Number of protein chains: 2
Amino acid sequence: MTDVKDSVLVVEDEPQLRRFIRAALDANGYRVLEASRASEVVALITSHNPALVLLDLGLPDGDGIDLTRALREWTTVPIVVLSARGREEDKVAALDAGADDYLTKPFGMNELLARMRVALRHRPSADEPTVERAYTFGDLVIDIVRREVRLGEDELHLTPIEYKLLLLLARNAGRVLTHQQILKDVWGPAYATRTHYVRVHMAELRKKIERDPARPKLIVTEPGVGYRLRDAR
Amino acid sequence: MTDVKDSVLVVEDEPQLRRFIRAALDANGYRVLEASRASEVVALITSHNPALVLLDLGLPDGDGIDLTRALREWTTVPIVVLSARGREEDKVAALDAGADDYLTKPFGMNELLARMRVALRHRPSADEPTVERAYTFGDLVIDIVRREVRLGEDELHLTPIEYKLLLLLARNAGRVLTHQQILKDVWGPAYATRTHYVRVHMAELRKKIERDPARPKLIVTEPGVGYRLRDAR
DNA sequence: AGCGATCTTGATGGGATCTTGATGCGCGAG
DNA sequence: CTCGCGCATCAAGATCCCATCAAGATCGCT
């Protein structure tokens with residue numbers, strides 16, 4: 001239960017309540033960002049990209065509902081509103097402005113945490129970094145989602161190290177990677193001197209992905225420097 | 001405000017409240033389905049595919065929280081819980097079981113409508129509420145709604161862990177799942193180190209679903225990484 | 001309380017993978 | 001021409017990872 005979870009931006013001007021919330025979130029493994037004014041919120045979201053925003057409506061320098069509406073112009077980050085106002089119109093206004101939930105003070109911390117979990121699980125698919133799903137080099141295809149490598153029709157079986165190596169090369173296709181960089185990325189910073197590892201495993205990798213391993217077309221050696229994956233384009 | 005919106009399944013045993021809700025939803029352009037017992041819910045969702053479920057927790061024939069958890073096995077349709085119980089533990093339990101919102105009776109109809117709008121706009125894609133009722137891999141069929149697994153003609157009996165394992169693999173068919181991911185999903189985040197559990201139970205599962213458990217065709221091991229359910233691409 | 005089913009945990013052996021050292025080749029510098 | 005350096009290849013041993021078995025603990029039901 002000690003793993004680091006997502007970061008949460010707490011926007012609350014009352015210092016006591018802010019401390020209280022921070023303590024509870026800390027205890028539950030969230031990283032906490034704090035803001036006490038509406039004017040700070042945009043900058044903090046863009047710079048830290050929190051997974052969720054807890055927004056007090058009663059801020060001194062601006063209306064929280066307007067802020068919510070403004071945020072919704074450009075971000076889908078979940079917004080859970082905390083408010084002393086419990087009137088139904090206030091709730092409807094905040095929710096329709098784009099808030100994902102609305103809690104009336106005083107609220108129980110367990111309920112807040114549960115509602116935060118709801119808001120967080122709502123968006124795992126929403127805007128995942130959606131990076132590259134697959135790389136293609138000639139008839140070599142690296143499907144990252146499936147962790148699968150194919151050469152033309154047949155599927156290749158790569159060992160963990162070989163796969164890591166290939167992925168590193170693919171992500172930096174065209175660029176030369178030094179032995180140091182490769183060692184650091186695949187084996188970890190402590191192995192920076194074991195140049196030999198790279199050679200042995202690069203040879204294994206070539207045996208599998210090169211048509212003619214003796215005359216590599218894909219993985220080219222840059223003597224004295226490192227290796228490079230040729231991107232044919 | 002007269003266009004036909006999505007349909008909403010109202011699960012509520014009190015006739016008066018049901019009529020009241022129906023009237024409000026009608027007036028707001030929703031199509032309304034009604035149920036008064038937990039046992040009808042699964043059939044109505046599968047047959048009518050509503051866009052949202054309003055679920056009263058105090059049903060005569062079954063616990064609404066268990067029902068929520070069961071539904072979450074196979075559908076992501078938004079569930080908004082209505083309950084006379086306002087204790088914090090009740091809310092937390094329902095939300096963690098998979099409900100998307102929780103309103104304590106008596107509630108204002110405008111708030112309910114606003115929270116329904118929130119739940120509806122959360123839906124991943126406007127159309128299908130992502131219902132996957134059964135998975136098929138070769139002659140292995142996993143019927144999620146009935147929680148039943150068949151291999152060709154004969155039904156298999158899977159233990160809870162085996163079933164969870166298989167479902168996890170099926171939902172991620174083709175993708176490699178790391179031991180970590182499996183442990184987190186099946187046993188919970190605290191068990192991330194118990195790699196051995198996965199091996200033992202994966203072996204049991206293979207004994208049951210593989211024609212030749214020694215030469216697995218369906219569940220393939222990715223050494224050093226995890227397991228993968230092969231999907232016939 | 002008792003029973004059967006299921007889960008946890010340890011032990012073991014085999015196989016895949018990695019590490020490590022030895023060897024040979026090619027190329028450029030001296 | 002020869003030496004030295006970096007690279008490729010090979011192979012053996014060490015290590016890691018996986019499958020399997022089995023015993024004890026626990027769970028769930030009657």
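Naming: A, B, ... by sequence-line order, numbering from 1 per chain. Here the structure is a predicted model, which means the values were calculated and not measured.
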Grab the [atom1]-[atom2] distance between [X] and [N] for me, whole Å please.
| X | N | atom1 | atom2 | result |
| --- | --- | --- | --- | --- |
| A/Leu205 | D/dT9 | CG | P | 12 Å |
| B/Arg199 | D/dA19 | CZ | P | 7 Å |
| A/Leu156 | C/dT17 | CG | P | 13 Å |
| A/Leu158 | C/dC18 | CG | P | 10 Å |
| A/Gln180 | D/dG6 | CD | P | 13 Å |

request  = For residues B/Leu140 and B/Val149, determine if any side-chain heavy atom of one lies less than 4.5 Å from a side-chain heavy atom of the other.
outcome  =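 The answer is yes; the side chains approach within 4.5 Å.
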query = Just by distance, do the side chain of A/Glu210 and the backbone of A/Lys217 share a donor-acceptor pair under 3.5 Å?
reply =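 It does hold such a pair.
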task = Look only at the side chain of B/Arg230 and the backbone of B/Val220, and say whether a donor-acceptor pair between them is shorter than 3.5 Å.
result =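 Between the backbone of B/Val220 and the side chain of B/Arg230 there is no qualifying donor-acceptor contact (under 3.5 Å).
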key: Set of residues satisfying ring-ring contact (aromatic ring centres under 6.0 Å, His included) with respect to B/Tyr102, sequence neighbours excluded   =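 With sequence neighbours excluded, B/Tyr102 shows a ring-ring contact (aromatic ring centres under 6.0 Å, His included) to no residue whatsoever.
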Could you tell me whether [X] and [Y] have a side-chain N and a carboxylate O separated by less than 4.0 Å?
| X | Y | answer |
| --- | --- | --- |
| B/Lys105 | B/Glu12 | yes |
| A/Arg211 | A/Asp139 | yes |
| B/Arg72 | B/Asp100 | yes |
| B/Glu73 | B/Arg147 | no |
| B/Glu111 | B/Arg115 | yes |

request  = Kindly state which residues belonging to residues 183-193 of chain A come within less than 4.0 angstrom of DNA chain C, counting heavy atoms of the residue only, listed by number.
outcome  =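 Those residues whose heavy atoms fall under 4.0 Å from DNA chain C, taken from residues 183-193 of chain A in numerical order, are A/Trp187.
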request  = Pull out every residue in residues 160-168 of chain B that has a heavy atom closer than 4.0 Å to any atom of DNA chain C, ordered by number, or say none.
outcome  =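 Output list: B/Pro160, B/Ile161.
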Is any side-chain nitrogen or oxygen of [X] closer than 4.0 Å to OP1 or OP2 of [N]?
| X | N | value |
| --- | --- | --- |
| B/Arg206 | D/dA19 | yes |
| B/Thr195 | D/dC17 | no |
| A/His179 | D/dG6 | no |
| A/His157 | C/dT17 | yes |

request  = Apply side chain to side chain contact (heavy atoms under 4.5 Å, CB included) to the pair B/Val41 and B/Leu71, showing each step before the final yes or no.
outcome  = CA-CA 9 Å; B/Val41 173; B/Leu71 293 179; 4.1 Å; yes
inquiry  = Can you pull out the residues from residues 210-224 of chain A that lie within a 4.0 Å heavy-atom distance of DNA chain D?
reply    = A/Thr221, A/Pro223, A/Gly224
request  = Determine, step by step, whether B/Phe137 and B/Ile209 satisfy the side chain to side chain contact (heavy atoms under 4.5 Å, CB included) criterion, reporting the C-alpha distance in whole Å, the side-chain angles of both residues, the deciding distance to 0.1 Å, and the verdict.
outcome  = CA-CA 11 Å; B/Phe137 303 91; B/Ile209 72 169; over 6 Å; no
task = Please check if atom CZ in A/Phe20 has more than 12 non-hydrogen atoms from other residues, nucleotides or ligands closer than 6.0 Å.
result = no
query = Which atom names give the shortest non-hydrogen contact between B/Ile142 and B/Ala170, and what distance separates them?
reply =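 Of all heavy-atom pairs spanning B/Ile142 and B/Ala170, the closest is CD1-CB, 3.7 Å.
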ask   = Roughly how far apart are A/Asn172 CG and A/Leu177 CG, rounded to 0.5 Å?
value =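 Taking CG in A/Asn172 and CG in A/Leu177, the distance rounds to 4.5 Å.
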Report, one pair per line, the protein and nucleotides 24-30 of chain D atoms (nitrogen or oxygen only) whose separation is under 3.5 Å.
none

query = For DNA chain D, whose closest nucleotide is more 5', that of A/Glu204 or that of A/Val225?
reply = A/Val225
key: Stepwise side chain to side chain contact (heavy atoms under 4.5 Å, CB included) test for B/Thr104 and B/Lys91   = CA-CA 9 Å; B/Thr104 307; B/Lys91 297 184 192 177; 3.8 Å; yes
query = Among B/Asp56, B/Val10, B/Asp13, B/Val32, which residue meets the side-chain contact (heavy atoms from CB on, under 4.5 Å) test with B/Arg18?
reply = B/Val10
Atom pairs under 3.5 Å: protein N/O with N/O of nucleotides 21-27 of chain C:
| unit_1 | atom_1 | unit_2 | atom_2 | d |
| --- | --- | --- | --- | --- |
| C/dG21 | O6 | A/His196 | NE2 | 2.9 |

request  = Could you please name the option among D/dC10, D/dC17, D/dC21 that lies closest to any side-chain atom of B/Lys207?
outcome  =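 Within the option list, the nearest is D/dC21.
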